Amino acid sequence: MDSNFKRVPTRHKFEEVTSQLSSLQEALRLNSVPQSLNAPSSEVRDSRTESPDTVDAALTKPPSITVNNSHIYDDDRRIAFYGIEDKGSSALVIGEQTLGTTTLMGWTIVHLFDYYCEAYYSFGPELDISPSLSELFEQSRLLFWTIVVTASRYHPKYSYLYKGFIEPYEQLLSSYLVRPIHTLTTVHALLILCYWPLPVPVQAQDPTWNYLGLTTNAATQLGLNHPGHAREFGFPRATSKEVELRTKTWLHIFNLSTRISTRMGVPSLLDKESDLRDVSRMCEEYLPVGSTLAVQTEIQKIFARSTAALQGQTEESCLALILVFSGELDDYRFKVNKYWTQETEMQYLGAKLFLFGWSFPYQNQPYGMTQKPTSRKLILHEAMRISIKLIHTFCELEGSRRPSQSSTKTDKSPPPQVYQPTVSFFELNYAVITLYLFLSHFPSPSPSDTDLAFNHIRNAHALLARCAGDNEKHQWRRMAFNIDLLGKWHASGRQLPPEVAIKSRMGASLFYDAMQKIAVLKAEQGGRSYAVDLTQPLPDREDRERKASMTVGTEDKDGIDPAFAAPMNVSTAHISGVQEGPADQTGLWPGWDESIWGWDLGMLDSTQFDFESADMSAWQAQGDPRGFE
């Protein structure tokens, strides 16, 4: 009988348990046979090729790791993360599970859950970790597979599985997105996906913002923004622990919404004064003083209130308010200094940098056009200092408590920064762009400031290359390419025409200006952007169609019409690391959406373009990007 006292067939269960026991007995007699990182097989049979002792050793963790303000490991004693502290039992009960054509054995599933707990859990949403693996699988297959897929991406042993997971996982995800979301587990799965999105060939295709909007609306419908009123939203039996979990989920949604909207240069989904008051009340009632989540939430709340106040201000008022709100962030940092962590420092620096970003459109104007040149110079110099500190802090995460310290580390293990939420990399990229702005617009920067800026640009580029690994189309590889191009633009001494400067993207306008520069350089080098001169209108559609009709049948092997694009070639063999999923762009041109023509390829895409890959090596060797042309 099952747990509901219903009769169930027992012969199949008996055979399944017998098979698992036989596998374990066989494994005791076999030597460990490690899976290749590039193994072509789509099936994992770890319980047949690894002894339990080998897996136990692989799952051994550092003496103490803090996750969501709780110690996971203390002298190898663990919290119950879906019951995987009892590895053998968990692996036996969960058994084989299949996603698409990939079948995972129990030991592999336990290993991946353990890896998620160690590498990702402290950055993402807090989950209800009390069910067992088998219970979670029955409750929410989406959350189950979201954890497995996320953990496999950079796993030192199972990363080869990630590519095969993507398509069937997207099919599973789509089956949930077409139905109303009425469970907290689905909200948690979508949140994890917003923290660590699936790879896309072109950054403009990243659906994270859409998922975040859906998650916010679903959480509102579930009443997560009204802790203590769960009964009114259909959850009359919610315990105090469940109410606390619902509250923390909402705070994660608020934090992520603020950070992602900031990077995109659009208003946050939750920046109204009533939203900010609710967030403050939740932190006071449900979070311990000084908890990491509470500190991060307060940082984002100050930033959200600041950006709301800056909208529609004149330059003089904007510059004054930027300095006021920057001081407010500094005061809060001093107030909670004893609770400060590397993660809160990253969010604090990112908030400060995008706050200064509100002044950057004015930096492109001649100093005679403003009555506040001193304020402008002060903000730009402070932005340079914050950018350097952000890059330094992000690179210092190399020594943090991530899986690189565990016994699972191999020569192929990626740097620990890859486990950071994806939005952190965009803050790193914005810091690099800010340094280029400082170098080109600050009047007579000192030699020490110039050297610091160039050194940290190089450090950011090198880190992105390491995080990208061997994957030629990895999004961080694309970001590193764009840093190369911005270095070329800076070395040329060119400026964008004032009439094409981006001013409507709030604190992220500088990012879109940088994308325009990159689009111009790619167009000049045979890239697929339409116009080198951004002050000119788009080519007339009829003229483009006429040219296309004149070259019918002349497409190259990728289906690209020579009338629209020149051949492009680049070697990227000088950077190496980990591999992951596909990024095929065949057929994306010329039928591209004109609404993003200005940065179609500048938007961190994977299309290659014609420049010498040795340039970056020369830059690093010479120590000055201005000399690598």
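These numbers come from a predicted model, not from an experiment.
- A salt bridge links E298 to K301: one of the charged nitrogens lies within less than 4.0 Å of a carboxylate oxygen.
- Looking only at side-chain heavy atoms (C-beta outward), Y332 and E328 stay at 4.5 Å or farther from each other.
- A distance of 9.5 Å separates CD in E126 from CG in D128, rounded to the nearest 0.5 Å.
- Between the S317 side chain and the Q313 main chain, no donor and acceptor come within less than 3.5 Å of each other.
- The side-chain heavy atoms of Y348 and V295, taken from C-beta on, include no pair separated by under 4.5 Å.
- H188 contributes atom NE2, which lies 14.0 Å from atom CG of L193 (distance to the nearest 0.5 angstrom).
- Checking side-chain atoms of E135 against main-chain N and O of S132 turns up a donor-acceptor pair under 3.5 Å.
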Requested in this report: Would you sort out whether Q296 and E343 count as a side chain to side chain donor-acceptor pair (under 3.5 Å), showing the intermediate values?
Outcome: CA-CA 8 Å; Q296 292 174 345; E343 285 74 24; 5.9 Å; no
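- Taking CG of L270 as the start and CG of D278 as the end, the distance is 10.0 Å to the nearest 0.5 Å.
- Using cut-offs of 30° and 60° on the angle between ring planes, the pair H155 and Y115 is tilted.
- A search for side chain to side chain contact (heavy atoms under 4.5 Å, CB included) contacts involving T262 returns T258, F303, F354, not counting sequence neighbours.
- The closest side-chain heavy-atom distance from L198 to D206 is not below 4.5 Å.
- In this structure, F511 has its ring center at least 6.0 angstrom away from the ring center of Y430.
- Taking a cutoff of 4.0 Å between a charged side-chain nitrogen and a carboxylate oxygen, R333 and D330 do not qualify as a salt bridge.
- Between the S280 side chain and the L276 main chain, a donor and an acceptor come within less than 3.5 Å of each other.
- Under the 3.5 Å distance criterion, the side-chain polar atoms of T249 are matched with a main-chain donor or acceptor of L245.
- At least one donor-acceptor pair closer than 3.5 Å links the side chain of S90 to the backbone N or O of G83.
- A search for side chain to side chain contact (heavy atoms under 4.5 Å, CB included) contacts involving S306 returns I302, F325, L355, not counting sequence neighbours.
- Applying the side chain to side chain donor-acceptor pair (under 3.5 Å) rule to pairs touching residues 143-152 yields T146-Y169, sequence neighbours excluded.
- A ring-centre distance under 6.0 Å is not found for Y162 and Y154.
- Judged by distance alone, the side chain of Q475 and the main-chain N or O of P199 form no donor-acceptor pair under 3.5 Å.
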Query raised in the report: Passes side chain to side chain donor-acceptor pair (under 3.5 Å), S268 versus S257? Steps please.
Result: CA-CA 6 Å; S268 171; S257 172; 3.3 Å; yes
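- Of the possible donor and acceptor atoms, one in the side chain of D513 sits under 3.5 Å from a partner among the backbone N and O of I502.
- A heavy-atom distance below 4.5 Å is not found between the side chains of T186 and T215.
- Checked by atom type and distance alone, the side chain of R505 pairs as donor or acceptor with a backbone atom of M264 at under 3.5 Å.
- Taking NZ from K335 and CH2 from W340, the interatomic distance works out to 12.0 Å, rounded to the nearest 0.5 Å.
- Panel note: side chain R246, backbone L222; a donor-acceptor pair is recorded below 3.5 Å.
- Between L190 and L177 there is a side-chain heavy-atom pair separated by less than 4.5 Å.
- With R153 contributing its side chain and W196 its backbone, the two residues share no donor-acceptor pair below 3.5 Å.
- You'll find the side chain of T183 stays beyond 4.5 Å of the side chain of L143, heavy atoms only.
- Annotation: E242, atom CD; neighbour count of heavy atoms from other residues, nucleotides and ligands within 6.0 Å is above 12.
- Ion pair R385/E382 flagged as a salt bridge, since at least one NZ, NE, NH1 or NH2 atom sits closer than 4.0 Å to an Asp/Glu carboxylate oxygen.
- Within the 4.5 Å cutoff, the side chain of H392 has no heavy atoms near those of the N459 side chain.
- A 4.5 Å side-chain heavy-atom check between I260 and T208 finds at least one atom pair inside the cut-off.
- Taking the six-membered ring where the residue is Trp, the centroids of F113 and F144 are separated by under 6.0 Å.
- Between the CG atom in L435 and the CG atom in L390 there is a gap of 9.5 Å [rounded to 0.5 Å].
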